[in-house]
Amino acid sequence: MASSAKSKSSSWLAPLIISCALLACTANGHFLYVGYYDRSCPNAEDIVHFVMASKVATQPAMAPAVLRLFFHDCFINGCDASVLLDSTSHMESDKAAEPNESLAGFDVIDEIKSRLESACPGVVSCADVIALASRDAVSLLGGPAWNVPLGRKDARTANVSAADAYLPSPHANLTELLNKFATHGLDAQDMVALSGAHTVGTARCQNYRARMYGYDGEGNIIDPAFAEARRRTCHAVGGDDAVAPFDEESPLRFDNAYYRDLIARRGLLTSDQALYGCGGPFDNLVRTYSKDGERFARDFATAMVKMGNISPPSDMPVEVRLNCRRINY
Ligand code: HEM
Ligand SMILES: *[C@@H]1O[C@H](CO)[C@@H](O)[C@H](O)[C@H]1NC(C)=O
Ligand SMILES: *[C@@H]1O[C@H](CO)[C@@H](O)[C@H](O)[C@H]1NC(C)=O
Ligand SMILES: CC(=O)N[C@H]1CO[C@H](CO)[C@@H](O)[C@@H]1O
């Protein structure tokens with residue numbers, strides 16, 4: 001009798017101790033691992049993939065949108081889903097950082113999250129949803145797939161000044177880009193590989209106009225016919241919101257065409273072309289990726305895992321949000 005009570009109490013204690021240990025590790029974001037939800041929400045990855053596949057089938061532009069969300073989320077205070085928070089009367093959200101940021105994909109994340117809440121309430125963080133959804137976004141467009149370490153937690157605040165401070169500018173030169181990535185522990189190769197995300201999706205004229213007129217300094221390495229065509233895009237569609245694809249040939253295929261565009265001096269943003277054209281090791285890496293799609297795919301996947309490890313400050317309060325747009329209470 002006594003022994004059964006003892007074993008009962010220890011079997012009750014053991015998981016508690018384990019889960020506390022896990023919480024301690026994951027609360028500050030330092031301990032992510034593949035299969036984190038294997039017990040607590042075994043279908044989590046299938047649910048994410050199901051929603052992404054059906055969305056991308058009808059609205060392929062959602063894939064680049066979601067991928068970009070992950071980049072912004074991780075670069076602003078660590079991958080903590082702060083990018084998903086709506087502004088409230090007490091808090092200006094990351095979304096407000098640049099009113100014309102044009103981030104999209106929030107509805108897709110909401111749909112994934114609501115299905116996850118039905119399957120396993122309160123278990124899967126919004127930050128992990130973004131990480132998984134962006135992996136699926138890439139593979140659904142024909143890019144690589146990889147195992148995503150999980151166990152992120154969601155922020156309870158957004159930090160609008162961090163958004164301004166940590167995101168690289170489309171007008172940045174190579175030095176500035178390297179610095180911004182280094183701040184997050186990402187090296188030059190990570191930076192060149194991750195920039196290959198710009199093989200899909202679009203940008204608006206307000207972000208590429210200066211380059212087309214030669215106002216961005218070292219970004220002037222440009223194919224004149226390309227510059228002329230993009231100036232016309234800005235004109236024809238009318239102003240700041242005129243959208244152009246990063247990679248004209250295959251804007252919705254996740255391949256290595258981005259690097260061939262750079263070599264052809266047809267990078268859309270100043271920050272894109274900054275990777276190629278000045279000689280040296282960066283030119284070599286761009287050439288390598290332009291020829292070796294598998295090497296690019298491998299390095300991109302590795303760098304995405306690294307970017308996904310950027311953790312929020314260890315003293316930041318966290319939770320698993322129930323609705324990705326709001327903190328729990
Ligand atoms: C190297 C520094 C980077 C800069 C300066 C930059 C800047 C930008 C800008 C200005 C846009 C266009 C926004 C608009 O006009 O609507 C854009 C789009 C995009 N960015 Fe980046 N980005 C960078 C790196 C990254 C990284 C690392 C990723 C992901 C791994 C990424 C993924 C995307 C995607 C997929 C789009 C297209 C979004 C869509 O079509 O909805 N970017 N980026
Ligand atoms: C917000 O981000 C800025 C810039 O990184 C930082 O200095 C500040 O401490 C952050 N504030 C909060 C409340 O996290
Ligand atoms: C890059 O930009 C920074 C800041 O605008 C500037 O100080 C630096 O000289 C530039 N570097 C190059 C190589 O143009
Ligand atoms: C060009 C453009 O879209 N500008 C808009 C940016 O956002 C501000 C504030 O929301 C608008 O007033 C601008 O018209």
Side-chain angles (χ1 to χ4, degrees), residues 56 59-76 79 83 98-106 108 130-131 133-135 137-138 140-141 143-144 146 163 166-184 186 188-211 216-221 230 233-234 237 239-247 251-254 258 262 267-280 282 296 299-308 310:
V56 173
Q59 289 175 269
M62 279 302 118
V66 165
L67 175 57
R68 183 161 183 245
L69 271 185
F70 186 52
F71 165 56
H72 281 221
D73 187 32
C74 293
F75 265 56
I76 305 171
C79 317
V83 74
E98 228 180 285
N100 304 325
E101 250 313 306
S102 78
L103 291 174
F106 299 105
V108 185
I130 308 179
S134 42
R135 183 266 314 267
V138 169
L140 285 162
L141 296 180
W146 57 91
Y166 289 122
L167 282 174
S169 154
H171 308 288
N173 65 33
L174 188 55
T175 318
E176 295 169 300
L177 291 172
L178 285 169
N179 287 340
K180 282 275 151 87
F181 279 71
T183 306
H184 300 294
L186 298 168
Q189 177 182 298
D190 298 326
M191 198 265 279
V192 176
L194 285 169
S195 298
H198 288 177
T199 196
V200 294
T202 59
R204 288 156 311 144
C205 177
Q206 60 179 280
N207 288 316
Y208 61 78
R209 181 190 286 114
R211 166 160 158 75
D216 263 353
E218 72 171 351
N220 289 347
I221 298 161
R230 285 297 83 94
T233 312
C234 286
V237 189
D240 282 0
D241 289 334
V243 159
F246 280 101
D247 171 38
L252 288 168
R253 191 161 69 234
F254 199 97
Y258 172 78
L262 297 185
L268 187 57
L269 306 176
T270 300
S271 56
D272 292 318
Q273 196 62 53
L275 305 182
Y276 183 87
C278 298
F282 288 88
F296 162 59
D299 289 359
F300 181 80
T302 303
M304 283 289 280
V305 170
K306 248 173 113 172
M307 184 169 86
I310 303 174

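Each residue takes its place number in the sequence, starting with 1. The structure presented is a predicted model; accordingly, all values stated were derived computationally and were not measured. Just so you know, ligand 1 is whichever comes first in the structure, and atom 1 is the first atom listed for that ligand.
Relative ring orientation between Phe181 and Phe71 is described as parallel, the plane-to-plane angle staying below 30° on a 0-90° scale split at 30° and 60°.
In this structure, Arg230 contributes its side chain and Ala244 its backbone to no donor-acceptor pair below 3.5 Å. Side-chain N or O atoms of Glu176 include one that pairs as donor or acceptor with a backbone N or O of Asn173 at under 3.5 Å. Ser134 places a side-chain N or O within 3.5 Å of a backbone atom of Ala131 that can act as its donor or acceptor partner. Side-chain atoms of Gln206 do not come within 3.5 Å of backbone N or O of Asp241 as any donor-acceptor pair.
Of all atoms in ligand 1, numbered sequentially from 1 with element shown, those under 4.0 Å from a heavy atom of Ala203 are 12 (C), 14 (C), 15 (O). Below 4.0 Å from some heavy atom of Gly201 lie the following atoms of ligand 1, by number and element: 37 (C), 40 (O). Counting the atoms of ligand 1 from 1 in the order shown, those under 4.0 Å from a heavy atom of Ser169 are 5 (C). Counting atoms of ligand 1 from 1 in the listed order, those under 4.0 Å from a heavy atom of Ala65 are 41 (O). Each of the following atoms of ligand 1 lies closer than 4.0 Å to a heavy atom of Pro170: 5 (C), 10 (C). Annotation for ligand 1: atoms under 4.0 Å from non-hydrogen atoms of Asn207 are 10 (C), 13 (C), 14 (C), 15 (O). Under a 4.0 Å criterion applied to the non-hydrogen atoms of Ser271, ligand 1 contributes the atoms 5 (C). Less than 4.0 angstrom separates some heavy atom of Ala197 from each of these atoms of ligand 1: 28 (C), 29 (C), 30 (C), 31 (C), 32 (C).
For Phe246, every heavy-atom contact with ligand 1 shorter than 4.0 Å involves the side chain, none the backbone. Contacts between Pro64 and ligand 1 below 4.0 angstrom, taking non-hydrogen atoms only, involve backbone and side chain alike. Looking at Ala172 against ligand 1, nothing comes within 4.0 Å, counting heavy atoms. Contact annotation for Leu194 and ligand 1: heavy atoms of both the backbone and the side chain come within less than 4.0 Å of the ligand. Of the heavy atoms in Gln206, none comes closer than 4.0 Å to ligand 1. Residue contacts with ligand 1 for Leu269 involve side-chain atoms from C-beta outward but no N, CA, C or O (heavy atoms, distance under 4.0 Å).
Close to ligand 1: Ser195, with a non-hydrogen atom less than 4.0 angstrom away. The shortest separation from a heavy atom of Tyr208 to ligand 1 is not under 4.0 Å, leaving the residue out of contact. Residue Phe181 places a heavy atom under 4.0 Å from ligand 1.
Put simply, the side chain of Asp247 does not reach to within 4.5 Å of the side chain of Tyr258, judged on heavy atoms. Side-chain atoms of Leu178 and Met191, non-hydrogen and from C-beta on, do get closer than 4.5 Å to each other. Ile221 is listed as a side-chain neighbour of Gln273, based on a closest heavy-atom distance under 4.5 Å.
A ring-centre distance under 6.0 Å is found for Phe300 and Phe254.
An N or O contact shorter than 3.5 Å links Arg204 to ligand 1 by distance.
Of the candidates Lys180, Glu176, Arg68, the one placing a heavy atom closest to atom 17 (C) of ligand 1 is Arg68.
If you take CG on Leu269 and NE2 on His198, they are separated by 6.0 Å, rounding to the nearest 0.5 Å. Here the CD1 atom belonging to Ile76 is positioned 9.0 Å from the NE2 atom belonging to His184, to the nearest 0.5 angstrom.
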Audit row: Arg209, Asp240, salt bridge (Lys or Arg N to Asp or Glu O under 4.0 Å) steps and yes/no: CA-CA 8 Å; Arg209 181 190 286 114; Asp240 282 0; 3.1 Å; yes
